[in-house]
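Encoded as structure tokens, the structure appears first; notes follow it.
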Number of protein chains: 2
Amino acid sequence: MTTRRVTLVDVARLAGVDKAIVSRVVNADPSLVIRPDTRERVLEAIQNLGYRPNSAARSLRTAKAGTLGLVIPDFANPVYAEIITGAESAALAKGHVLVTGSSTGAHSSMERYLDLLGQGRVDGLMLASPTTPGEQQKLESLGLPWMMVNRRDTGEHHRYVILDDAQAAKLAVEHLLELGHRKIVHVAGPFGADTARRRATGYRQAMKVTDIPVRAEDIARGDYTPRGGAEAMAELLRKGPAPTAVFVANVAMAVGVLDTLRRARMRVPEDVSVVAVHDLPLAEHLVPALTTVRMPLQELGARAVDLLLGSSPEDEVAEVVRTAMELVYRESTAPPKG
Amino acid sequence: MTTRRVTLVDVARLAGVDKAIVSRVVNADPSLVIRPDTRERVLEAIQNLGYRPNSAARSLRTAKAGTLGLVIPDFANPVYAEIITGAESAALAKGHVLVTGSSTGAHSSMERYLDLLGQGRVDGLMLASPTTPGEQQKLESLGLPWMMVNRRDTGEHHRYVILDDAQAAKLAVEHLLELGHRKIVHVAGPFGADTARRRATGYRQAMKVTDIPVRAEDIARGDYTPRGGAEAMAELLRKGPAPTAVFVANVAMAVGVLDTLRRARMRVPEDVSVVAVHDLPLAEHLVPALTTVRMPLQELGARAVDLLLGSSPEDEVAEVVRTAMELVYRESTAPPKG
DNA sequence: TAGGGTCAGTCAAACGATTGAACGACGCTA
DNA sequence: TAGCGTCGTTCAATCGTTTGACTGACCCTA
């Protein structure tokens, strides 16, 4: 009952030619010289038998898998959803399939993932997950092209694509400054996150061009979650005089920041303005609708794919994607009172 | 400079044995009889050379890819994020890698995806995307085991896993009834969505056990997006006397429903209670925090994998996952006024 | 001491596609 | 009519593993 799968040989037999011909027809080999009627017969046979090339055999022979891997921390984080979408579409455009894995699940440590991928299953690996030195070493030992996405690597051989997070922070802070804010605090991301550090740097830089000093108590760290944001905001309120504006390192924390402000009976934007990084769909539907900095996350994913495919593993790659960054002005920011 | 990749033969040579031995050691072949010191030599050689089995060769020989495919409409939808997470972890637990593709991108129609996957790249395919009859036929012609996830298939050969959406609707409506609501309307999902129909059915059933009639104007359809929810809610307000409670078919539409109610100056939950399906992380951070019905989305994904691997392609599979469904009572529901 | 039974391995044929090299037929030219 | 080039096609090695069949050494037992 199980119809054996159709191979090149079957097609060749039906078309009355050698399988080499069929292979070259399938792959549109430019060196192939063939009579039109022969080609016709071959195509017909392919059609009739419903032949589909076996990718395992092809991969084995060509040592190319036609697949790229992408490891992210968590599917539930919409930031990565955007990156995946961009990467997938770029991969497909180049005839590759994208395998996306998350590294946080019970069964899916990075290392286990690397093992499962084994050799010859992917042609390259993109990592958007935090990576331990051990893992990075294992990664290098695979002999695969790899690329860090949205974070810089820690080794001495650099291969990464990131966004201009400092610039994003500047856009946000400058927006607040233009509105007339002077007392601007920052809810930063976790120390371990590369993006968080760059956004904090951008905040400091933007403040530096003004004459407004930034003191240690103007910055509080959260862990990029709503709860973390809520706690960081509470800390800021406790420590200093009430700010008139907050720059939040990501939207998830901004959600918590809004919670804390609501509890403290501070109105947004009348009493405090809030602006955050990443224009996720969610931002528009918060109350009040959140002013954000839109970042080219899809482009980031796409660029990672292009760089991965377009460079040899030894090349140094250190690119900053700068396209299409802009401030999206919504309801959570306004001029300060008085 | 390019170090050739390490194969079984290299390991065998270093260990001074035949490659067959190495293969059986690697795969823990139970029929293998081997001296402890030989095994030791082999393992050492593997270690020293950093051998990793080539999965293309392995797939070719065994006609198993060790990979499962999952096609979803959109990575940005958190409902699918949950399904992916569950599926991935189940797949990994069974030694498989999960390839997740979205079918909405510019380059990624279902058909193109199926072509790219070719033969021998995945051992089975799970579809959470809406599927046209043409696509379903193509799917069947692949000779791969497949499974519809969270939607029923349209062919005569059934293979699907779904959730008990009618029951979810009942839980929601019963919650409202218990609070004392009588005038309960429903913002339903799009007609084409199987889940939407089942939730609407559940709503009707739950209302039927009471003596409260459900009229046509008590139901409005949206497209599962915030905007769709906003418009559907506006329609309900226009058409009938103001309801005291709304059951919304998903959280995305609930976001829009809240917007519309806010614009209409109706307070939630004082004037109107709102409850929606799916306890996504977002629900907790809306204002007011949304009462929801938690659905076992991860289990759904995991079960899909188990069924896919544990059934032959000809089997009929029609399973409803019923675990762990519960009402999550937050701030958006309360007894009606007066 | 012939024969049988482990034990510990080796041999070699697949799996299906790719690809450089070889080959026969034909037409041309000298 | 020998020689050569071109056209259209076939040949066969190869990619790295898996796995059933086979073998040689050794020990026991009759």
Side-chain angles (χ1 to χ4, degrees), chain A residues 2-43 45-46 49-66 95 117-121 123 143, chain B residues 2-43 45-46 49-66 95 117-121 123 143:
Chain A
T2 344
T3 40
R4 207 177 53 81
R5 53 209 230 225
V6 181
T7 74
L8 268 190
V9 182
D10 301 318
V11 176
R13 189 160 30 222
L14 180 58
V17 296
D18 190 86
K19 63 184 156 79
I21 294 285
V22 183
S23 170
R24 293 190 229 252
V25 166
V26 168
N27 296 343
D29 180 340
S31 79
L32 173 63
V33 204
I34 190 179
R35 262 186 325 209
D37 60 314
T38 312
R39 177 192 297 274
E40 199 49 50
R41 281 207 320 283
V42 170
L43 291 174
I46 289 176
L49 295 176
Y51 167 74
R52 336 191 71 227
N54 180 305
S55 44
R58 184 177 272 180
S59 293
L60 176 57
R61 181 58 231 248
T62 61
K64 298 244 147 294
L117 288 178
Q119 209 158 61
R121 203 193 280 269
D123 297 326
Chain B
T2 344
T3 40
R4 210 175 51 79
R5 53 208 229 226
V6 181
T7 75
L8 272 188
V9 181
D10 301 318
V11 176
R13 189 164 26 224
L14 180 58
V17 297
D18 190 87
K19 64 187 156 76
I21 294 286
V22 182
S23 171
R24 292 189 229 253
V25 165
V26 168
N27 296 342
D29 180 341
S31 79
L32 172 64
V33 205
I34 190 178
R35 264 185 321 203
D37 60 315
T38 311
R39 176 191 298 275
E40 201 48 52
R41 280 209 319 284
V42 170
L43 291 174
I46 289 177
L49 296 176
Y51 168 74
R52 335 191 72 227
N54 179 305
S55 45
R58 183 178 272 181
S59 293
L60 176 58
R61 180 61 230 244
T62 61
K64 298 245 149 292
L117 288 178
Q119 210 157 61
R121 202 193 280 268
D123 297 327

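No experiment lies behind these values; they were computed from the predicted model shown. Quick note on labels: first sequence line is chain A, next is B, and so on, each numbered from 1.
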Check: Is any side-chain N or O of A:S23 closer than 4.0 Å to OP1 or OP2 of C:dT18?
Finding: yes
Check: Do side-chain atoms of B:D10 reach the backbone of B:T7 as a donor and acceptor pair under 3.5 angstrom?
Finding: yes
Next item on the list: Send over the distance from A:D10 CG to C:dA17 C1', rounded to a whole Å.
Entry: 13 Å
Checklist line | Sidechain-backbone polar pair: B:S59 side chain, B:K64 backbone, donor-acceptor under 3.5 Å | finding: yes
Note to self: Keeping B:T62 on the side-chain end and B:R58 on the backbone end, is there a donor-acceptor pair under 3.5 Å?
What the structure shows: yes
Next item on the list: Please report, rounded to the nearest Å, how far the C1' atom of C:dA17 is from the CG atom of A:D29.
Entry: 13 Å
Margin query: Donor-acceptor pair, distance only, cut-off 3.5 Å: does the side chain of B:R13 make one with the backbone of B:L8?
Written below: no
Next item on the list: Check whether any side-chain heavy atom of B:V11 lies under 4.5 Å from a side-chain heavy atom of B:K19, and answer yes or no.
Entry: no
Margin query: Donor-acceptor pair, distance only, cut-off 3.5 Å: does the side chain of B:D18 make one with the backbone of B:I21?
Written below: no
Next item on the list: Write down the distance between NZ (B:K64) and P (D:dT19), rounded to a whole number of angstrom.
Entry: 11 Å
Next item on the list: Return the value, rounded to whole Å, for the distance between atom CG of A:L8 and atom P of D:dT14.
Entry: 19 Å
Next item on the list: Could you tell me the separation between the CZ atom of A:R5 and the P atom of C:dC15, rounded to a whole number of Å?
Entry: 10 Å
Notebook entry, point to check: How does each nucleotide of nucleotides 5-13 of chain D score, in 5' to 3' order, for protein heavy atoms under 4.0 Å: base (B), sugar-phosphate only (S), or none (-)?
Noted result: ---SBBBBB
Next item on the list: Report the distance from atom CG of A:L60 to atom P of C:dA14, rounded to the nearest whole Å.
Entry: 17 Å
Margin query: Please compare B:N27 and A:A57 by the position of their nearest nucleotide in DNA chain D and report the one closer to 5'.
Written below: A:A57
